[in-house]
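Since we're looking at a predicted model, the values are computed, not measured.
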Amino acid sequence: MPELPEVDAVVRRLREAASSSTIHSVTIERPGNIAPQNPSTFRALHGAKLLNVRRRAKYIFIEFSNQLHVQVHLRMTGNLYVLPDYRFRPHNTRIWFRLKDNRVLIYEDSRALGRMHLVTREDIAATEAALGPEPLDAAFTPALLQTILHSVKSPIKPVIMDQRRIAGIGNIYASEALWHSRIDPRLSARDIPKRKITALHTAIQKVLGNAVVSAYAEYAQPGTTPESESFGVAVYGRKDEPCLKCKKSILRIVQGGRSTFFCPNCQRP
DNA sequence: TCGATCCTGTAG
DNA sequence: CTACAGGATCGA
C-alpha cells in the first residue's frame with residue numbers, strides 16, 4: 001500500500017478525522033505488530049487526547065496528551081484510518097483504538113509486517129536522526145544529492161532507496177525517477193555525471209510531488225484522479241511492455257531482493 | 001552486500 | 001504448486 005505519498009495522505013486524513021479525540025480503550029489483536037513492546041504498555045493511552053499527527057519519511061508520529069507518542073510504520077500493507085463505529089472493524093485489523101465518541105481508529109495490516117510503538121520524544125528524535133533528508137524539502141538540493149551519491153559505489157537504485165541516505169523513496173518511485181532521468185539503475189552511484197544528478201533530483205521531486213498531490217486528491221475526491229497521474233507509473237510493473245519514450249521493451253531485474261524496471265535503451269550513458 | 005526473515009494474500 | 005508483493009532489519 002504505502003510509499004511516501006500514501007503515508008502523507010494517511011496522515012492528513014487522520015489529523016482531520018481524529019484531532020482532539022479521546023481514547024477510550026486500546027485493543028492489540030496481534031502483539032507481533034507492537035513487538036518487542038508488551039500490550040499492557042498501551043493502557044497508558046486510555047483517556048489520552050490525540051493532539052496531532054505528522055509524517056517524517058514513511059514514519060507516522062501521533063502525539064497524545066500526557067507526553068505520550070505513538071510511532072507507526074505501515075511497511076508493505078499497513079493502513080490507518082477512522083471508522084464511524086468500532087463494530088465495523090475489518091478482518092485484518094491488528095490494533096484498534098476505541099474513541100470516546102464510539103468511533104474507532106483502525107490499524108489494518110494484512111501481512112502484519114508493520115509496527116506501532118508507544119515512544120517518548122527522545123525515541124522519536126533518535127528515529128528521525130537516523131534518517132536522511134526529506135526528498136521534498138527545500139534543503140534537499142541537487143548539491144546535497146551529489147554529496148550523498150559521490151562516495152557510494154553501490155548501484156544507484158538501492159542507494160536512493162536507503163532511508164539513511166534519503167528518506168522516503170520506495171521501490172516504485174525509485175524505478176520511476178531513474179527512468180525519467182535516463183539513468184541505468186545498475187550504474188554505481190559515484191559514476192553518475194553531474195548533469196544526470198541534476199536530472200535525478202528534478203525527477204525525484206516531480207515524481208514524488210505529483211504522487212503526493214494525487215494521493216491527497218484521491219482521498220478528497222475518490223475516483224477522480226486520471227489513471228495516467230494516479231501513480232505516475234511509466235516503468236514500474238511494465239516488464240516486456242513498450243517504453244513510453246522509445247518503444248523498446250521494459251526489463252525487470254532484481255536488486256537487493258527488489259524488482260527494478262527500466263528501459264535498457266533510454267537508461268544508459 | 002547478499003540472503004533470510006518477518007507475514008498474508010493474490011495471480012498465474 | 002510457485003512467484004511475487006509499494007519495507008526494513010539482521011547476520012553471515
Look at all strands and tell whether Arg30(A) reaches a base, only sugar-phosphate, or nothing, counting heavy atoms closer than 4.0 Å. sugar-phosphate

What is the nucleic acid contact for Asn92(A), judged by heavy atoms within less than 4.0 Å: base, sugar-phosphate only, or nothing? sugar-phosphate

Where do N or O atoms of nucleotides 9-12 of chain C meet protein N or O atoms at under 3.5 Å, pair by pair?
none

Any pair counted as ring pair (Phe, Tyr, Trp, His ring centres under 6.0 Å), so long as it reaches residues 117-139 of chain A, sequence neighbours left out: none

Anything below 3.5 Å on both distances counts as a pair; with that, list the stems of at least three consecutive Watson-Crick or G-U pairs involving DNA chain C. B:1-6 with C:7-12, B:8-12 with C:1-5

Listed in order of residue number, which residues of residues 113-128 of chain A have a non-hydrogen atom at under 4.0 Å from DNA chain B? Leu113(A)

Contact list please: residues 256-264 of chain A against DNA chain C, heavy atoms, distance less than 4.0 Å, in numerical order. Arg258(A), Ser259(A)

All N/O donor-acceptor pairs, side-chain side in residues 31-38 of chain A, below 3.5 Å, sequence neighbours left out:
unit_1: Asn33(A); atom_1: ND2; unit_2: Gly114(A); atom_2: O; d: 3.0
unit_1: Gln37(A); atom_1: OE1; unit_2: Leu118(A); atom_2: N; d: 2.9
unit_1: Gln37(A); atom_1: NE2; unit_2: Leu118(A); atom_2: O; d: 2.8
unit_1: Asn38(A); atom_1: OD1; unit_2: Ser40(A); atom_2: N; d: 2.9
unit_1: Asn38(A); atom_1: OD1; unit_2: Ser40(A); atom_2: OG; d: 2.9

Going by chain and number, the hydrophobic cluster around Phe262(A) (ILVMFWY, side chain to side chain under 4.5 Å) further includes Leu251(A), Ile253(A)

Could you list who else is in Tyr81(A)'s hydrophobic cluster, with ILVMFWY side chains joined at under 4.5 Å, directly or through other members? Leu83(A), Tyr86(A), Phe88(A), Trp96(A), Val104(A), Ile106(A)

What is the distance, rounded to the nearest whole Å, between atom CZ of Arg186(A) and atom C1' of dC2(B)? 18 Å

Flag the pair Arg54(A) and Glu134(A) as a salt bridge only when some basic side-chain nitrogen lies within less than 4.0 angstrom of an acidic carboxylate oxygen. no

Using side-chain contact (heavy atoms from CB on, under 4.5 Å) as the criterion, list what pairs up with Asn66(A), not counting sequence neighbours. Ala48(A), Leu68(A)

What pairs of residues pass the side-chain hydrogen bond (donor to acceptor under 3.5 Å, both in side chains) test when at least one of them lies in residues 241-250 of chain A, not counting sequence neighbours? Arg238(A)-Glu241(A)

Hey, can you pull the donor-acceptor pairs under 3.5 Å for the side chains in residues 197-204 of chain A, sequence neighbours left out?
unit_1: Thr198(A); atom_1: OG1; unit_2: Lys194(A); atom_2: O; d: 3.1
unit_1: His201(A); atom_1: NE2; unit_2: Phe140(A); atom_2: O; d: 2.7
unit_1: Thr202(A); atom_1: OG1; unit_2: Thr198(A); atom_2: O; d: 3.0

For residues 149-159 of chain A, tabulate all N or O donor-acceptor pairs below 3.5 Å that involve a side-chain atom, not counting sequence neighbours.
unit_1: Lys157(A); atom_1: NZ; unit_2: Asn171(A); atom_2: OD1; d: 2.5
unit_1: Lys157(A); atom_1: NZ; unit_2: Ser259(A); atom_2: O; d: 3.1
unit_1: Lys157(A); atom_1: NZ; unit_2: Thr260(A); atom_2: OG1; d: 3.1

Pro5(A) and Leu208(A), any side-chain heavy atoms less than 4.5 Å apart: yes

